[in-house]
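Have a look at the structure below, then the notes.
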Protein chains: 2
Amino acid sequence: MPTDPDHTFKAGKTSGATLDDVAQEAGVSPATVSRCLNNPGIVRPQLKAKVDAAIEKLDYVPHGAARSLASRRSRLIGAIFPSLDSTLFGGTLEALQCEIASAGYTLVVASSSYEPQQECNHLRNMLASGIDALMLVGAAREASVYRLIGQRHVPYVLTWVAGPDGTHPCIGFDNRAAAAAVTRHLLDMGHRRFAMISGGTATNDRAAARLAGVRAALEEHGLTLDPARTMERPFGVEEGRAALRQLMAREPRPTAVVCGADPFAYGALLECQSLGLKVPDEVSVTGFDDMWLSASLPPGLTTVRTPRKQMGALAGRYLLSILAGKETAPPSPLDFELIVRGSTGPPSR
Amino acid sequence: MPTDPDHTFKAGKTSGATLDDVAQEAGVSPATVSRCLNNPGIVRPQLKAKVDAAIEKLDYVPHGAARSLASRRSRLIGAIFPSLDSTLFGGTLEALQCEIASAGYTLVVASSSYEPQQECNHLRNMLASGIDALMLVGAAREASVYRLIGQRHVPYVLTWVAGPDGTHPCIGFDNRAAAAAVTRHLLDMGHRRFAMISGGTATNDRAAARLAGVRAALEEHGLTLDPARTMERPFGVEEGRAALRQLMAREPRPTAVVCGADPFAYGALLECQSLGLKVPDEVSVTGFDDMWLSASLPPGLTTVRTPRKQMGALAGRYLLSILAGKETAPPSPLDFELIVRGSTGPPSR
DNA sequence: CAGTCTTCTGAAAGCGCTTTCAAATAGCGA
DNA sequence: TCGCTATTTGAAAGCGCTTTCAGAAGACTG
């Protein structure tokens, strides 16, 4: 009931008081009002009080665009995720937003749908919007994209990966090492016949690194991953289900199925249940990311816990620190954690 | 390798070419360049070609803040969700972003963590950033918030609810009716002893409406929801598990457990499995939202499919249409769909 | 070919704020 | 009390773009 009865939009209608109005109301110069807003410390308390009163009275809200134009800082930070429709990046997104909001920054977000071209388009849009800093997921992208960023002098950070070299500032963990760790866990239990359900490696360097990690760990034992037992699929429970069914249809069956993401593993677990395969007795299954059902889905999914929220928070803090002009050390890789649950055990034969 | 070798940030460094530079390069006036950008139709093709070439050559990117200031439109659309760390709103968010991006708008996003105060703060920030339009979730909030929006003449739309009256433009479905529909499905099968696991109703009008819907359907049969069998919990699988255990600990056991959200139902289903309770023979379970595991988790969850992506897309389209100055009819409620799966059946006793 | 009507283009005035620079005030010792 | 420095304040010049308004260039017509 407190709103405009009709929802028609009157474009161009003047919006609120300006800084000049506030200055007049308070009987000071616009410059002083500006200082009250941006650097309250340097204005005499008595004056500041008058200005505050005027702001309050006129219900003044600063005009962002005008501020940006004059100060050359937009207070906008951009983030491009491969997908927004997943809990995976949700945690990172939420933590990032929370972190930067506390410093007065606003988050601009977009989803690339795992398509490099879309990422590039969104990036251009964001640069045009004048973002002060940028968060991206993964490291693999065309050189031209990095060139674009570098050209505009926009500080940026890559997440979900650990910098392979020092080329880019990264806030993430070593996907390859993490995948190797789960694999070794299985190897240590005696598994020798492996299969993998992996995300698409073409435009997803995290998925590629995980696949590489599995291969590397196997090689340490002189084993290789049979290409026929390496299924590359779009992320999803049903995809995991179907992949597991295929894997199990072929003799000799693998005793361990390593999944590049938890949803695959959920599907695998559920399909095992359907097929009457005992986990972990007949087959061990591992996931990746420790998403919200991993602890609950029987028999409990052995997986890698990845620092989703932490990456968002730290990425935010890192960018803010650079924007504040502080000397900021390039961040070092974060830890992952192997979570062993009921879905893995020694092979029976 | 094509990037600045050191990641130090040089603030104040001049960024790229300006519109004036482009004008000079193309040998036309700045006004013409501006027109090429904003209204290419009205400039002679021959000139436009020259301008395009100049833009290309100088790698010109328009300065968003300057545009906003001069045109009084920021090309920014804001969205505040109760949470970003969930697939629930992820779909809506992604669809919204996709929709508005295609019209050249950029999405600004924030999470209120289900706290009204946070929502209000983020709203103020966004208004200061100059957003042209706004998307919110749910209708229940302080009158002052709506007043704030109305004052700035920012077009807005509420999602995940259907306007109870015509007070606000809403793009959503009738939560109450949807909950009533699942409940009637159970009633029709002969269930008479009900329990409910509900989200917090204090700051979540969707949860409140769902609870009300269940109550209303029961009342049609002269039944009431026992307060001792109405558990209000924060969303989550483990919460659902615990709630179900409590519900089943008390005789007489309910034959139907209605969950206000799918994660609760997942937990309930898993706990039934743990307890050795046969679903649906000993207890029927229903969810809400048809999230990604509902079809896969045995025995398949009977739930309500809610138009998550559609809401985002339509909300975007609605706002864009208003921003384009078109006469836009206030949207009408969307459909939900009852999805019957294996988790519901007639009560055994 | 002149006259009239369109269609395009350019000059210039801001949009609302920040920030330099110089002027004013306050603070302080002598 | 006066002079000098340290601190605040105000005037004014933009930030880079859009947009009005008027003028130039074409397109037609008679």
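We name chains A, B, ... by the order of the sequence lines, and we start the count at 1 in each one.
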Report task. Please list, chain by chain and in numerical order, all residues satisfying side-chain contact (heavy atoms from CB on, under 4.5 Å) with B:Asn39, sequence neighbours excluded. Result ->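 Counting only residues at least two positions away or on another chain, B:Asn39 forms a side-chain contact (heavy atoms from CB on, under 4.5 Å) with B:Ile42.
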Query raised in the report: Pairs in or reaching into residues 19-35 of chain B: which pass salt bridge (charged side-chain N to carboxylate O under 4.0 Å, His left out), with residues at least two apart or in two chains?
Result: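 For residues 19-35 of chain B: B:Glu25-B:Lys57.
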Query raised in the report: Does any non-hydrogen side-chain atom of A:Phe89 lie less than 4.5 Å from one of A:Val109?
Result: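 A side-chain contact is absent here, since even the closest heavy-atom pair is not under 4.5 Å.
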Query raised in the report: So do the side chains of A:Leu319 and A:Ile100 get within less than 4.5 Å of each other, counting heavy atoms only?
Result: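 Not touching, per the 4.5 Å side-chain cut-off.
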Residues forming a salt bridge (charged side-chain N to carboxylate O under 4.0 Å, His left out) with [X], sequence neighbours excluded:
| X | value |
| --- | --- |
| B:Arg141 | B:Glu119 |
| B:Lys50 | none |
| A:Lys309 | B:Asp85 |
| B:Glu94 | none |

Query raised in the report: Taking five pairs at each end of the helix from C:dC1-D:dG30 to C:dA30-D:dT1, what angle separates the two helix axes (nearest 10°)?
Result: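 One end's axis against the other's: 30°.
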Heteroatom pairs (N/O) under 3.5 angstrom, protein to nucleotides 12-15 of chain D:
from: D:dC15; atom 1: O3'; to: A:Arg72; atom 2: NH2; distance (Å): 3.1
from: D:dC15; atom 1: O2; to: A:Ala70; atom 2: N; distance (Å): 3.3

Requested in this report: Establish, with yes or no, whether the OP1 or OP2 oxygen of D:dT18 is under 4.0 angstrom from a side-chain nitrogen or oxygen of B:Ser34.
Outcome: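 Answer yes for this pair, as a side-chain N or O of B:Ser34 is under 4.0 Å from OP1 or OP2.
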Requested in this report: Taking only the side-chain nitrogens and oxygens of B:Thr18, find out if one of them lies under 4.0 Å from OP1 or OP2 of D:dG16.
Outcome: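 So the side-chain polar atoms of B:Thr18 never come under 4.0 Å of the phosphate oxygens OP1 or OP2 of D:dG16.
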Figure out the [atom1]/[atom2] separation between [X] and [N], and round it to whole Å.
| X | N | atom1 | atom2 | answer |
| --- | --- | --- | --- | --- |
| B:Gln24 | C:dA11 | CD | P | 12 Å |
| B:Leu19 | C:dA11 | CG | P | 13 Å |
| B:Arg75 | D:dC17 | CZ | C1' | 11 Å |

Report task. From the options D:dG10, D:dT18, C:dC17, select the nucleotide whose nearest atom is closest to the side chain of A:Thr32. Result ->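 Nearest nucleotide to the side chain: D:dG10.
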Query - Those residues that, when tested against A:Tyr105, pass ring-ring contact (aromatic ring centres under 6.0 Å, His included) (two or more places apart) - result: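 Listed in chain order: nothing, the list is empty.
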Requested in this report: Mind running a 4.0 Å heavy-atom check of residues 35-55 of chain B against DNA chain D and sending the residues that fall below it, in number order?
Outcome: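 When residues 35-55 of chain B is checked for heavy atoms under 4.0 Å from DNA chain D, the hits, listed by number, are B:Arg35, B:Asn38.
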Report task. Apply side-chain hydrogen bond (donor to acceptor under 3.5 Å, both in side chains) to A:Arg67 and list each qualifying residue two or more places apart in sequence or on a separate chain. Result ->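 Partners of A:Arg67 by the side-chain hydrogen bond (donor to acceptor under 3.5 Å, both in side chains) criterion, ordered by chain and then number, come out as A:Asn38.
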Query - Pairing residues for B:Arg317 by the side-chain hydrogen bond (donor to acceptor under 3.5 Å, both in side chains) criterion, not counting sequence neighbours - result: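 Partners of B:Arg317 by the side-chain hydrogen bond (donor to acceptor under 3.5 Å, both in side chains) criterion, ordered by chain and then number, come out as B:Glu99.
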